[in-house]
There are 2 protein chains.
Amino acid sequence: MSNQFYNEYPKFLVSVDCIIFGFKEGTLKLLVQKRPYNPGKGEMSLIGGFVEEGESIDETAQRILTKFTGIGKVYMQQLGAFGEVERDPGERVITIGYYALINSADFDESLTRENEAQWVDIDNVPKLFSDHNKMVEKARRNLQKKVNSNPICVNLLPKYFTLTQLQTLQESILGVELDKRNFRRSVAFKDYIVKTKYIDKENSKRGARLYKFQLEDI
Amino acid sequence: MSNQFYNEYPKFLVSVDCIIFGFKEGTLKLLVQKRPYNPGKGEMSLIGGFVEEGESIDETAQRILTKFTGIGKVYMQQLGAFGEVERDPGERVITIGYYALINSADFDESLTRENEAQWVDIDNVPKLFSDHNKMVEKARRNLQKKVNSNPICVNLLPKYFTLTQLQTLQESILGVELDKRNFRRSVAFKDYIVKTKYIDKENSKRGARLYKFQLEDI
DNA sequence: TCAAAAGTGTTAATAGTACACCCATGA
DNA sequence: TCATGGGTGTACTATTAACACTTTTGA
């Protein structure tokens with residue numbers, strides 16, 4: 001299937017690599033897998049796949065996310081293209097990074113096992129295949145810029161959450177500790193975080209107020 | 001030249017489109033050209049080209065910039081990948097956007113003429129080929145975020161410049177007017193903008209102090 | 001009764017915004 | 001002498017940062 005245009009230019013494999021963030025046990029986590037094929041079979045890597053004919057790169061990213069987590073229709077943010085000639089030791093592959101934030105409750109664990117995927121702490125990411133560590137770092141910096149002005153945490157938390165959970169999450173994204181009083185005041189100014197009538201009794205004896213994100217009007 | 005890996009996946013044309021900003025006549029300008037080939041021959045478009053074998057995408061961007069402006073080694077910022085299936089009416093092309101800021105004084109005008117390129121006002125960009133207008137808008141938003149915290153204007157101005165020139169440039173990037181006194185105070189806090197002993201007598205009768213960027217220590 | 005997490009205010013410093021007049025000069 | 005662009009300061013507001021104690025309750 002040739003074409004009258006552009007024939008004289010080379011073509012390349014184009015892949016999408018997904019930086020999938022979750023929040024478990026009080027820390028931001030990254031989903032990684034054992035690479036199922038060569039080159040680098042068995043090495044830890046981001047989950048990824050190749051762009052198919054007739055599929056936009058955004059669609060590729062969604063397809064990969066769904067395949068590995070069972071989750072459909074989550075907002076994914078493009079991180080940029082990575083196009084060093086030798087970045088893949090097998091053959092030249094130009095890759096587009098995307099990151100996603102997902103709620104581990106929506107997560108299909110059987111797919112994780114099937115794909116030899118696992119969650120690792122964001123502050124303890126192992127050496128990954130190719131330039132994937134660089135992509136993870138860029139994604140995290142990207143998140144850090146947004147965390148205060150965007151309701152990105154909505155995708156990482158359960159529907160109802162305590163302010164301590166939200167604070168712990170933000171601290172884990174930023175890698176710094178926050179002052180509890182200043183944090184709670186800043187939350188009070190955000191219209192998209194609202195108090196509910198519910199109290200969480202699981203994580204403390206006294207009980208903590210549950211909040212939720214209210215995003216309809218944004 | 002096949003390979004033992006990845007054979008079953010499709011390959012794509014990958015191009016780089018460059019959003020080249022300049023500063024002339026008190027406004028931010030964009031370099032555009034008449035598309036020299038079909039599809040869309042004669043339409044206005046960004047300047048671009050295809051990624052070659054053995055060339056990283058950053059290198060492609062530099063090569064295109066040099067070809068169209070004569071300028072080598074300018075910082076180019078990647079804007080992201082654009083991968084809608086039908087974005088190019090000829091054949092599927094995945095493109096990576098890069099923007100660059102250049103000083104029109106370094107500019108080789110003969111190359112512009114040769115390539116049927118021209119500068120257009122950023123606030124009056126004509127309809128461009130494919131999704132190029134979208135790329136320009138994204139690049140401008142990207143610039144706007146940086147203009148206050150990064151010395152990006154260094155590349156758009158001559159070595160010595162007046163504060164009025166710098167203010168006019170920032171206003172043109174931001175699309176808003178700035179208060180002269182507030183602007184000048186904020187400049188005074190930036191270590192990378194320093195007063196020189198020179199006075200410009202060309203643009204005013206009284207003469208205006210010339211400043212320069214001091215970037216060695218960043 | 002005590003350990004553990006929840007909850008709550010004030011002050012100081014910094015950054016940002018609004019605003020109007022005089023100066024020096026060449027034509 | 002006057003038109004043109006250059007240059008200057010102050011007061012108000014908003015945002016951010018620092019900081020420590022009391023409450024509730026189940027074990």
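Here is how names work: the chains are called A, B, and so on, in the same order as the sequence lines, proteins then strands, and each is numbered from 1. Hydrogens, waters and symmetry mates are skipped; everything else that's a heavy atom, side chains included, is used.
Contacts of A/S186 with the nucleic acid, taken as non-hydrogen atoms under 4.0 Å apart, are absent. Residue-level contact check: B/T162 touches neither bases nor backbone, having no heavy atom under 4.0 Å from any strand.
Annotation: proximity of residues 193-204 of chain A to DNA chain D (heavy atom, distance under 4.0 Å) is found for A/K201, numbered in ascending order.
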A/T112 vs A/F107, side chain to side chain contact (heavy atoms under 4.5 Å, CB included): CA-CA, chis, key distance, verdict = CA-CA 9 Å; A/T112 319; A/F107 196 79; 2.6 Å; yes
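A distance-only check finds a donor-acceptor pair linking the side chain of A/K190 to the backbone of A/N148 [under 3.5 Å].
Taking atom CZ of residue B/F183 and atom P of nucleotide D/dG9, one finds them 18 Å apart after rounding to whole Å. At whole-Å resolution of the value, NZ in A/K180 and P in D/dA18 are 17 Å apart. A straight line from CZ of A/R206 to P of D/dC21 spans 17 Å, rounded to a whole angstrom. Rounded to an integer number of Å, the gap from CG of B/L163 to P of D/dG6 is 9 Å. With rounding to whole Å, B/K205 atom NZ is found 13 Å from D/dG6 atom C1'. To the nearest angstrom, P of D/dC19 lies 14 Å from CD of A/E177. For the pair B/Q165 CD and D/dG5 P, the computed distance is 13 Å after rounding to whole Å.
A nucleotide of DNA chain C counts as in contact with chain A when one of its atoms lies under 4.0 Å from a heavy atom; the first and last such, 5' to 3', are C/dA3 to C/dT10.
A/Y98 pairs in a side-chain hydrogen bond (donor to acceptor under 3.5 Å, both in side chains) with only one of the listed residues (A/D58, A/D17, A/T60), which is A/D58.
When the nearest nucleotides of DNA chain C are assigned to B/D179 and A/R181 by heavy-atom distance, the more 5′-ward of the two goes with A/R181.
Around NZ of A/K138, the count of heavy atoms belonging to other residues, nucleotides or ligands within 6.0 Å exceeds 12. Around atom CZ of A/F189, no more than 12 heavy atoms belonging to other residues, nucleotides or ligands sit under 6.0 Å away.
A/P89 approaches A/F129 most closely through the heavy-atom pair CD-CZ, 3.5 Å. Smallest separation of non-hydrogen atoms from A/G26 and A/T168: O-CG2, 3.4 Å. Of all heavy-atom pairs between B/K29 and B/E25, the closest is NZ-OE1, 3.2 Å.
Note that B/R209 lies outside the cation-pi zone of B/Y198, set by a 6.0 Å cut-off to the ring centre and a 45° limit from the axis.
For the residue pair A/Y99 / A/N142, a side-chain donor-acceptor distance below 3.5 Å is found, with atom types taken as modelled. A donor-acceptor pair shorter than 3.5 Å can be found between the side chains of A/S15 and A/T95.
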Distances for protein N/O vs nucleotides 10-15 of chain D N/O pairs under 3.5 angstrom?
from   : atom 1 : to     : atom 2 : distance (Å)
D/dT10 : O4     : B/R185 : NH1    : 3.2

